[in-house]
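Computed over heavy atoms, backbone and side chain alike; hydrogens, waters and symmetry mates excluded.
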Amino acid sequence: MSKKIHSDPQDLEKVEEKSEGAVNEMLSNRMKMFKSFIESRPKTVYACMVGSIALSAIIAFTVMKPPKQPVKTGDPSVASLVTTGFGNLASTATAFGDLLELQAAINGLLDKDSLTMADSLLLDSTLTRMQQIENQMKALNSTNPKNNMQDED
């Protein structure tokens, strides 16, 4: 039913050479035309290149821009920690200043050769006040949620 086609290999090579030669000649002619166009109009080609770069930049920064995501506000507990932290900082600084004054008073009493009854009462009240400040700082640290989280780790 089907006939076997007999072809001469030399004929096939000749046909291939002719078709390759035609394609090569056509490509060569196109390259010469393109080269002559570029050489005859260099300013136009340069302007087209710069224009295409500018157009690409405009498209990249406007059209292809990712959609804006809404800004997420912080957790309200974080804000409360920050304000509480600043309040704790102020009270700690005040307590530290008080402790320095009390320590200076105690050092002044210790420099004396002998203490009077008034000096003893002053020393006792000063030490009591230092104990009260220490207890306040302990209470402040125990109510601070950040310190509680660190203790759990």
For D98, side-chain hydrogen bond (donor to acceptor under 3.5 Å, both in side chains) partners two or more places apart = none
Contacts of Q132 that satisfy side-chain contact (heavy atoms from CB on, under 4.5 Å) - sequence neighbours left out = T128, R129
inquiry  = Once rounded to the nearest 0.5 Å, what's the spacing between atom CG of L99 and atom CD1 of I133?
reply    = 4.5 Å
message = Run the salt bridge (charged side-chain N to carboxylate O under 4.0 Å, His left out) test against E101 and tell me which residues pass, sequence neighbours left out.
response = none
key: For L121, all residues meeting side-chain contact (heavy atoms from CB on, under 4.5 Å), sequence neighbours excluded   = none
remark   = To the nearest 0.5 Å, atom OG1 of T126 lies from atom CG of L122 at 4.0 Å
ask   = Is the backbone of S52 close enough, under 3.5 Å, to the side chain of S56 for a donor and an acceptor to pair up by distance?
value = no
key: Minimum heavy-atom distance M137-A95, with the two atoms named   = CE-CB, 3.7 Å
request  = Kindly work out whether a path of hydrophobic side-chain contacts (I/L/V/M/F/W/Y, heavy atoms less than 4.5 Å apart) joins M49 to F37.
outcome  = yes
inquiry  = Please check: side-chain N/O of S28 versus main-chain N/O of N24, any donor-acceptor pairing under 3.5 Å?
reply    = no
ask   = Who else is in L27's hydrophobic cluster (ILVMFWY, side-chain heavy atoms under 4.5 Å, direct or via others)?
value = V23
inquiry  = Starting from L102, can I reach F96 by hopping between I/L/V/M/F/W/Y residues whose side chains sit under 4.5 Å apart?
reply    = no
ask   = Would a hydrophobic clustering, with Ile, Leu, Val, Met, Phe, Trp and Tyr connected at side-chain separations under 4.5 Å, put L123 with L110?
value = yes
request  = Indicate yes or no: at least one non-hydrogen side-chain atom of N29 is less than 4.5 angstrom from one of M26.
outcome  = no
ask   = Taking only residues two or more places apart in sequence or in another chain, which ones pass side-chain hydrogen bond (donor to acceptor under 3.5 Å, both in side chains) with T116?
value = D119
Nearest heavy-atom neighbours spanning I38 and V45 = CA-CG2, 4.2 Å
note = Value for OH (Y46) from NZ (K43), rounded to nearest 0.5 Å, stands at 12.0 Å
